[in-house]
Amino acid sequence: MIKNVVFDMDGTILNTIDDLYNSVNFALEMNGYPKRSMEEVLSFVGNGVKLLIERAMPAGVTDIEFDKCFTCFMAHYNEHKNDNTAPYNGILELMQVLKSKNIQMSVVSNKFDAGVKELASNMFNGFLPVAIGESEQVKPKPNPSGVFKALELMCAKKEESVYIGDSEVDYETAKNSGLTFIAVTWGFRPRSLHESLGVEYIAEKPSDIVSILEKI
């Protein structure tokens, strides 16, 4: 019986892509680099903001140039990360149903830790008391350290927990953590990716997660 759900954040419970896209292109433009398309930015996300900026910048830039662009991105994103970001349709309703079934919820993301905690607090009405992002203490996914920390804080057992995400990084994170994985298709990656990975449980809409949990 599943008693604990660990969510990814960006592309799973929060639609953050517009604010990420705007901040990426602000930083690129301010530093004299070509702007990126929405499709390109979508393909760059999933491994944390440092890799996001590294992928968005032209090849061959120096460390100093990277640091300048990354600092510009972070300053803009910190100021504008709530401009367009919101939970996906049906997510808050899903969380209410899970709470009614006494299923604990947490979030583990590759977003920087302070941003994860702020967004979890502001967007999810207390549903996510445990929110963990990348920090000096927590390595980025697919390293399982964030998931293990979340399980510890929830006093949760791996065999009673699932990880829910939208990307190949989330799939690897679940595998590395020893958790059953549920993929979602409304985020940053298509259903075809999950099928190619052989994912058993795929949700097309948030309410599907409830019925999937009953099967596991």
- Item | Full working for side chain to side chain contact (heavy atoms under 4.5 Å, CB included) between V45 and R189 | CA-CA 10 Å; V45 297; R189 300 289 189 270; 4.2 Å; yes
- Query: When you look at M95 and I13, which way does the side chain to side chain contact (heavy atoms under 4.5 Å, CB included) test go after all the steps?
  - Reply: CA-CA 10 Å; M95 290 181 173; I13 57 175; 4.0 Å; yes
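Within a 6.0 Å sphere centred on CE of M30, other residues, nucleotides and ligands contribute 12 heavy atoms or fewer. More than 12 heavy atoms of other residues, nucleotides or ligands lie within 6.0 Å of CG in N78, so this atom counts as buried by the packing criterion. Environment of NZ in K117: crowded, with over 12 heavy atoms of neighbouring residues, nucleotides or ligands closer than 6.0 Å.
For D10, the side-chain hydrogen bond (donor to acceptor under 3.5 Å, both in side chains) partners are T16, K111, not counting sequence neighbours. Under the side chain to side chain contact (heavy atoms under 4.5 Å, CB included) criterion, L197 pairs with E168, Y171, L193, V199, sequence neighbours left out. Scored by the side chain to side chain contact (heavy atoms under 4.5 Å, CB included) test, S192 finds P190 as partners (sequence neighbours excluded). Remark: S211 pairs with no residue by the side chain to side chain contact (heavy atoms under 4.5 Å, CB included) rule, at least two apart or across chains. Scanning for side chain to side chain contact (heavy atoms under 4.5 Å, CB included) contacts around K157 gives E159, E160, with sequence neighbours left out. A search for side-chain hydrogen bond (donor to acceptor under 3.5 Å, both in side chains) contacts involving N84 returns D19, not counting sequence neighbours. Scored by the salt bridge (Lys or Arg N to Asp or Glu O under 4.0 Å) test, E40 finds R36 as partners (sequence neighbours excluded). Judged as a side-chain hydrogen bond (donor to acceptor under 3.5 Å, both in side chains), and not counting sequence neighbours, the contacts of N143 are S145.
A side-chain donor from one of S161 and N4 sits under 3.5 Å from a side-chain acceptor of the other. S167 and D170 are linked by a side-chain donor-acceptor pair at a separation below 3.5 angstrom, with hydrogens and angles left out of the test.
Summarising the geometry of A86 relative to L14, their closest heavy-atom pair is C-CD2, 3.4 Å, with the distance given to 0.1 Å.
Residues in residues 194-207 take part in these salt bridge (charged side-chain N to carboxylate O under 4.0 Å, His left out) pairs, two or more places apart or across chains: R191-E195, R191-E204, K205-D208. Among residue pairs with one or both ends in residues 117-150, none qualify as ring pair (Phe, Tyr, Trp, His ring centres under 6.0 Å); sequence neighbours excluded. Applying the ring pair (Phe, Tyr, Trp, His ring centres under 6.0 Å) test to residues at least two apart or on different chains, the pairs with a partner in residues 2-60 are F26-H76. Identified under the ring pair (Phe, Tyr, Trp, His ring centres under 6.0 Å) test for residues 187-216, with sequence neighbours left out: none.
Formation of a donor-acceptor pair under 3.5 Å by the N176 side chain with backbone atoms of P142 is found in this model. When atom types are taken as modelled, the side chain of N110 and the backbone of G46 share a donor-acceptor pair closer than 3.5 angstrom.
A salt bridge is defined here as a Lys NZ or Arg NE, NH1 or NH2 lying under 4.0 Å from an Asp or Glu carboxylate O, and E118 with K81 meets this definition. In this structure, K175 pairs ionically with E172, as a charged nitrogen and a carboxylate oxygen lie closer than 4.0 Å.
In this pair, Y163 and F181 present their aromatic rings parallel. The plane angle is below 30°, not in the 30 to 60° band.
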